[in-house]
Amino acid sequence: MTPERAHAYRRVLHTLKELGPSKLQSGEQELIRDAVDNLLFTHDLSEDAEAREALREVRTLANTLVESGRWERATALHLVDDVSQCGPGVAVPALQAA
């Protein structure tokens, strides 16, 4: 784990604390927590299918939040970026166009 990954992890937890109770259902919060935990302890994303799937699920959730109007696109992009940075050298996945 690097300091950058630890900082990204803290940013995600801060987002969950600040927005989670009012903007995310408990299952959505758990999905994000599970994803960042998984990514944080992954050494090689190319060899960890579970971590890759967790990242895809967060990206899908972010798209759903934007498309439903529950979140602004910028907030969702920020979350996906922070979650991605919890992993080892992960490129930030783009959100689909709304």
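Here, residue 1 is the first one in the sequence, and each next residue gets the next number.
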Discussion item. Is there a side-chain contact between Leu19 and Leu79 in this structure, where contact means two heavy atoms from C-beta onward sitting under 4.5 Å apart?
Written reply: no

Discussion item. Ignoring hydrogens, what is the shortest heavy-atom contact between Ala8 and Cys86? Give both atom names and the distance.
Written reply: C-SG, 3.8 Å

Fill in: Salt-bridge criterion met for Glu28 and Arg70 (N-O under 4.0 Å)
yes

Fill in: Nearest heavy atoms of Leu55 and Ser84, plus distance in Å
CD1-OG, 3.6 Å

Item to complete: From the options Arg52, Glu53, Glu50, select the one residue that forms a side-chain hydrogen bond (donor to acceptor under 3.5 Å, both in side chains) with Asn38.
Response: Glu50

Discussion item. If I compare all heavy atoms of Pro88 with all of Leu45, which pair ends up nearest, and what's the gap?
Written reply: CG-N, 3.8 Å

Fill in: Heavy-atom closest pair, residues Ala6 and Leu40
N-CD1, 4.3 Å

Worksheet item: Does the side chain of Tyr9 come under 3.5 Å of the side chain of Asp82 through a donor N or O and an acceptor N or O?
Response: no

Worksheet, complete the sentence: Which of Arg11, His7, Glu4, Arg5 passes side-chain hydrogen bond (donor to acceptor under 3.5 Å, both in side chains) with Gln85? Answer is Arg11

Fill in: Smallest separation among heavy atoms of Val58 and Ile32, with atom names
CG2-CA, 4.3 Å

Item to complete: Enter the distance from Arg33:CZ to Leu13:CG here, rounded to the nearest 0.5 Å.
Response: 7.5 Å

Worksheet item: Just by modelled atom types, is the Trp71 backbone N or O under 3.5 Å from a matching donor or acceptor in the Thr75 side chain?
Response: no

